[in-house]
Asker: 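Once you've had a glance at the structure underneath, I'll fire off some questions.
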Amino acid sequence: MVESTDSHLQFGGSFRSVLPSLLFLASIFFLTFTARVIISPLMPIIEKEISISHSAEGSLFFIIMFGYVVSILFAPNLSSRIGNRRTIVLSGLLTGLGLFLFSLCHSLSAFFAAGLFTGLASGLYFPTAMVTIAEISPAAWLTRGMSIHELAPNFGFVLAPLIASLLGILMGWRHGLQALGVLLILWNLVYLKRGCNAKRKQPPVSLQVVRYFFTNPLFWRITVMLSFAVGSTMGIYSMLPLLLVNEHGMSVEHANSIVSFSRIGSIIMPLVGGWLGDRFGNGRVMAGVLLLAGVLTVPIGICSGGVLLTFIFVQPLIAVIFFPSCFACYARLGEGKFRGMGLSIGAPIGFLMGAGCIPVLIGLVGDHAGLKTGFAVAGVLAIMAALLAGSSRTFLQQEEQ
């Protein structure tokens, strides 16, 4: 178990010495992330219990992400008062409670309320974790420190559909959510006793901070690309089970198995992304990866059969490479007291657009022209974002600033 000492919490330490702390933190992220995305593989089952449209299903993911981004904005205020470790633990405890609320829902409005609560709870984690990683990771290894942390959501992408299917078979999806909530609560209590407690405080988001970054073109290039990168991962993931069940005639179990296995290869890809960002430059990696992710998303909405499965498996391998470089860029963005605060502003925008608005867009297009068309449109938009936002030489070389 990870000791809660602070002797290694400095930029100059050995990366190997902080690896256990990074992995422990990543395990918390895995459970919190899984709690937030497990509704996606359960959606075909929920759809049978309450009659809802594709756009309403997409709106549920928007509600979750809306709560998530609002919470991200207020997380620095909370962590500056109760500390980073306690903020992380509070996020986990409340997210576990959110799973219990989901298990009690029998109407769309109840699901929206539970989704908002869960989003608000889980959003406290992310900026606090980023501060912790930035403090404990050696400066020269920051991108790779981010990549270790990014293993967590990729494990979540893989295991959430399997967990949903397994719990649904063993105890029903409602009791399954409750069991996952108990696990989340217990593991966070362990982190409260043994997890690392970074001392660095992140200044609260103020109008001065917002004005500083909103007038920075580089900030907007990074944030626009983050929006569509999140859309290429979480946005696509959220709606993919519905596509496979409703438009390709698969069973819920078969669809969830495909979604799960398609993410296995992407588990290690953040490590590749960390190495690529340090080796070739974060800006170049972000632009190239987003472009390729968009190109690979379009066929998911066009193809069928074995060709469709090929793109479902290949697309996430590429898309997840984006994030270590992106978070490292945010960590280096700004000067003086604004240094590194771009993530607190940019991440909420990117998550809301990518994991909230993209599913709504796919659902709206799906209600009128089919979910296949919605996926193709999402891919085209990602391509356009990569070409427009990543076209600046200043952006491509900005990682050294």
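Since the model is a prediction, treat every value here as computed from it, not as a measurement.
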Asker: Residues in side chain to side chain contact (heavy atoms under 4.5 Å, CB included) with Ser262, at least two apart?
Answerer: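 Per chain and number, Ser262 pairs via side chain to side chain contact (heavy atoms under 4.5 Å, CB included) with Ile312, Phe313.
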Asker: Determine whether the aromatic ring centres of residues Trp220 and Phe214 are separated by less than 6.0 angstrom.
Answerer: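 Yes.
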Asker: Any salt bridge (charged side-chain N to carboxylate O under 4.0 Å, His left out) involving residues 174-190? Give me the pairs, sequence neighbours left out, ordered by first then second residue.
Answerer: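 Pairs touching residues 174-190 that pass the test: Glu49-Arg174.
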Asker: Regarding Gln178 and Ser103, is there a side-chain donor-to-acceptor distance under 3.5 Å anywhere?
Answerer: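 Yes, because at least one side-chain N or O of Gln178 sits under 3.5 Å from a partner of the opposite role on Ser103.
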Asker: If you count the non-hydrogen atoms of other residues, nucleotides and ligands that lie under 6.0 Å from CE in Met384, is the total more than 12?
Answerer: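 Not buried by this count: 12 neighbours or fewer within 6.0 Å.
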Asker: Take the angle between the ring planes of Phe30 and Phe155 and call it parallel below 30°, perpendicular above 60°, tilted in between.
Answerer: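 If you compare the ring of Phe30 with that of Phe155, the planes turn out perpendicular.
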Asker: Quick check, are the ring centers of Trp187 and Phe24 under 6.0 angstrom apart?
Answerer: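 Yes - the distance between ring centres of Trp187 and Phe24 falls below the 6.0 Å cut-off.
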Asker: Would you indicate whether Tyr212, at its atom OH, is surrounded by more than 12 heavy atoms from other residues, nucleotides or ligands within a distance under 6.0 Å?
Answerer: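 Atom OH in Tyr212 is packed in, count exceeds 12.
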Asker: Measure the acute angle between the ring planes of Phe29 and Tyr125, then classify it against the limits of 30° and 60° as parallel, tilted or perpendicular.
Answerer: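 Phe29 and Tyr125: parallel rings.
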Asker: Is it the case that the ring center of Phe126 lies less than 6.0 angstrom away from the ring center of Phe351?
Answerer: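 Between Phe126 and Phe351, which both carry aromatic rings, the centre distance is below 6.0 Å.
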Asker: Does Met353, at its CE atom, have more than 12 non-hydrogen atoms belonging to other residues, nucleotides or ligands within less than 6.0 Å?
Answerer: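 Counting neighbours around CE of Met353, 12 or fewer heavy atoms of other residues, nucleotides or ligands fall under 6.0 Å, so no.
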Asker: Under a 3.5 Å distance rule, please check whether Thr118 uses its side chain to pair with a backbone N or O of Gly115 as donor and acceptor.
Answerer: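 A pair under 3.5 Å: no.
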Asker: Taking only residues at least two apart or on different chains, which pairs with a member in residues 58-69 satisfy salt bridge (charged side-chain N to carboxylate O under 4.0 Å, His left out)?
Answerer: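 Every pair satisfying salt bridge (charged side-chain N to carboxylate O under 4.0 Å, His left out) with a residue in residues 58-69: there are none.
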